[in-house]
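Indexing begins at 1, ligand by ligand and atom by atom, following the structure's order. Just so we're clear, the structure is a prediction, and the values are computed from it rather than from any experiment.
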Amino acid sequence: MAIVTTKEMFKKAYDGGYAIGAFNVNNMEIIQGITEAAIDQHAPLILQVSKGARAYAKHVYLMKLIEAAIEDAEQTAGFDLPICVHLDHGDTFELCKSCIDGGFSSVMIDGSSKPYEENVALTRKVVEYAHDHGVVVEGELGTLAGIEDEVNVSAEDSSYTRPEEVEDFVKRTGVDSLAIAIGTSHGAYKFTAAQCTRDADGKLVPPPLRFDILREVEKRLPGFPIVLHGSSSVPQEFVKIINECGGKMPDAVGIPEEQLREAARMAVCKINIDSDLRLALTACIRKHFVEHPDHFDPRQYLKPGREAIKAMVTHKLVNVLGCNGKA
Ligand code: G3H
Ligand code: 13P
Ligand code: ZN
């Protein structure tokens, strides 16, 4: 199967009350770990590439690796793995155009930090070019706290999506999906300890997502696919391994899985996950070196790292997103 857009994936996900996982990719092992999980689970997939990932690995390497994964799925599993290749957080028309011209089937134009009318104009321009080339577009309204690429968005700057803007934005831009801000944020430190409460075991419990905003958006845009960024759960078993194996990540905290499951049952059709991939890989490699200080062949630690990613993604597909068996 060729690379596909999200059109059919999102329609089925919306109607079926599940979500598609959008995983950030930066190298071969990450792509293999994710796609192997999706093949085993017969799950549709979005692989997304940030500006930073393109700078790190180069567009052509990532594209060819993804094409190789599709070919491998056909040859070794006899399975047509439907993959959408998506630009994550495109910040200019030129970057979006370059990804569209380079074979991506979906782009995000993130004008969320711009004044509303500028966001509308930029998003509209990208949509016109993308749709002329058979590519779909994700826009964003509302600002997430945390890190977006190299730009630091401070917690004070974060502002929830204003439901009263969404119909106008979607109508005037023609976007195919909309990312909204309901309390998620990027990275492994989604909330400060002061924003959380602690449970009986002293574990940090983050404040709940703003489901009231999601419900209001859903009401105003019936049948329209909604996207959640910053949706890593920051599994505490990874944080513990990292801290026990020479790392230092105190008070890292993410979005509880049950809240993501609830969002997936609602209008959320795409859930973005990057930090959990990084945590799985880093925890595995740190542990490996503690247990095998003599190893220096990258295959000795990248192979279990790839397996750790596969296991983590399998868990998400089955237990959080509910998209297993949907391809
Ligand atoms: O939303 C941002 C993603 O986690 C991408 O991160 O810019 O470090 O590739 P990156
Ligand atoms: P996390 O940092 O929560 O994984 O978010 C990833 C993301 O939103 C990529 O766009
Ligand atoms: Zn994001």
Side-chain angles (χ1 to χ4, degrees), residues 6 19-27 30-31 33-34 45-59 61-62 84-92 95-96 99 104 106-113 137-155 157-158 161 177-191 206 209 226-236 238-239 242 249 252-257 259-260 263-264 268-283 309 312-313 315-317 320-321:
T6 46
I20 314 292
F23 300 95
N24 285 71
V25 297
N26 285 275
N27 67 12
I30 294 174
I31 291 173
I34 299 165
L45 197 58
I46 300 169
L47 294 182
Q48 53 186 17
V49 175
S50 70
K51 186 174 164 182
R54 271 177 112 230
Y56 171 74
K58 284 196 181 176
H59 182 101
Y61 280 85
L62 294 170
C84 163
V85 185
H86 172 79
L87 167 67
D88 191 27
H89 292 288
D91 57 353
T92 61
L95 174 57
C96 293
C99 290
F104 283 23
S106 175
V107 293
M108 174 189 194
I109 178 68
D110 182 357
S112 62
S113 59
V137 180
E138 174 186 322
E140 181 168 337
L141 272 179
T143 318
L144 273 69
I147 311 279
E148 285 188 6
D149 256 311
E150 285 118 38
V151 186
N152 230 324
V153 186
S154 73
D157 289 342
S158 88
T161 300
S177 60
L178 181 68
I180 62 168
I182 59 166
T184 63
S185 64
H186 293 107
Y189 301 90
K190 299 196 184 298
F191 306 96
L209 296 180
I226 299 303
V227 177
L228 279 193
H229 282 250
S231 296
S232 278
S233 294
V234 188
Q236 292 303 299
F238 297 147
V239 176
I242 289 171
M249 298 191 70
V253 62
I255 310 296
E257 287 185 347
Q259 292 186 37
L260 296 169
V268 171
C269 293
K270 173 174 180 271
I271 289 190
N272 285 13
I273 295 161
D274 185 8
S275 298
D276 285 354
L277 297 166
R278 298 175 182 199
L279 289 165
L281 189 58
T282 300
I309 286 178
M312 192 275 290
V313 171
H315 168 76
K316 299 270 185 201
L317 298 174
V320 180
L321 303 155

(request) Report yes if the side chains of Asp91 and Asp110 come closer than 4.5 Å at any heavy-atom pair, otherwise no. (result)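 No. Closest side-chain heavy atoms not under 4.5 Å.
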
(request) Compare all side-chain heavy atoms of Ile309 with those of Ile34 and state whether any distance is below 4.5 angstrom. (result) yes

(message) Please list, in number order, the atoms of ligand 1 under 4.0 Å from a heavy atom of Ser50.
(response) 5 (C), 7 (O), 9 (O), 10 (P)

(request) Run the numbers for me: atoms of ligand 1, each under 4.0 Å from some heavy atom of Asn24, listed by number. (result) 3 (C), 5 (C)

(request) Quick one: report the N, O or S atom of His186 that is nearest to the Zn ion (ligand 3). (result) NE2

Taking all heavy atoms of [X] and all of [Y], pick out the closest pair and write down the distance.
X	Y	value
Gln236	Ala252	NE2-O, 3.0 Å
Val268	Ala19	O-CB, 3.6 Å
Ile271	Ala264	CD1-CB, 4.3 Å

Taking [X] for its side chain and [Y] for its backbone only, find out whether a donor-acceptor pair lies under 3.5 Å.
X	Y	answer
Lys190	Ser185	yes
Ser233	Ile255	yes
Ser232	Asp276	yes
Thr143	Ser113	no
Thr161	Leu141	yes

(request) Using the Zn ion (ligand 3) as the apex, give the angle to atoms NE2 (His89) and ND1 (His229), rounded to 10 degrees. (result)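 Between NE2 of His89 and ND1 of His229, at the Zn ion (ligand 3), the angle is about 90°.
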
(request) Decide whether an N or O pair under 3.5 Å exists between Gly230 and ligand 2. (result) yes

(message) Please check whether His229 reaches ligand 2 - meaning an N/O of the residue sits under 3.5 Å from an N/O of the ligand, judged on distance alone.
(response)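 So ligand 2 has an N or O lying under 3.5 Å from an N or O of His229.
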
(request) Describe, in one word, how the ring planes of Phe104 and His59 are oriented to each other, choosing from parallel (under 30°), tilted (30 to 60°) and perpendicular (over 60°). (result)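 Answer is parallel, since the angle falls under 30°.
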
Which bit of [X] gets closer than 4.0 Å to ligand 1, counting heavy atoms only: side chain, backbone, both or neither?
X	value
Asn272	neither
His229	neither
Met108	neither

(message) Give the atom numbers and elements of ligand 2 that come within less than 4.0 Å of a heavy atom of Ile273.
(response) 4 (O)

(message) Suppose I only count heavy atoms of His89 and a 4.0 Å limit; which atoms of ligand 2 are within that range?
(response)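 What qualifies from ligand 2 is 10 (O).
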
For [atom], tell me which residue out of [options] has the closest non-hydrogen atom.
atom	options	result
atom 2 (O) of ligand 2	Ser50, Gly254, Ser275	Ser275
atom 2 (C) of ligand 1	Arg278, Arg54, His186	His186
atom 9 (C) of ligand 2	Asp274, Asp88, Ile271	Asp88
atom 3 (C) of ligand 1	Asp274, Asn26, Asp110	Asp274

(request) State if Gln48 counts as touching ligand 2 under the rule of any non-hydrogen atom under 4.0 Å. (result) yes

(message) Once rounded to the nearest 0.5 Å, what's the spacing between atom CD1 of Ile182 and atom CD of Gln259?
(response)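 Between Ile182 CD1 and Gln259 CD, I get 8.5 Å after rounding to 0.5 Å.
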
(message) Return the closest protein heavy atom for atom 3 (O) of ligand 2 as residue, atom name and distance.
(response) Lys190 NZ, 2.5 Å

(message) Could you identify the single nearest non-hydrogen protein atom to atom 7 (C) of ligand 2 and state the distance to 0.1 Å?
(response) His186 CD2, 3.3 Å

(request) Mind checking whether Asn24 contacts ligand 2 via backbone (N, CA, C, O), side chain (CB onward), both or neither, at a 4.0 Å heavy-atom cut-off? (result)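 Side chain only; the backbone of Asn24 stays clear of ligand 2.
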
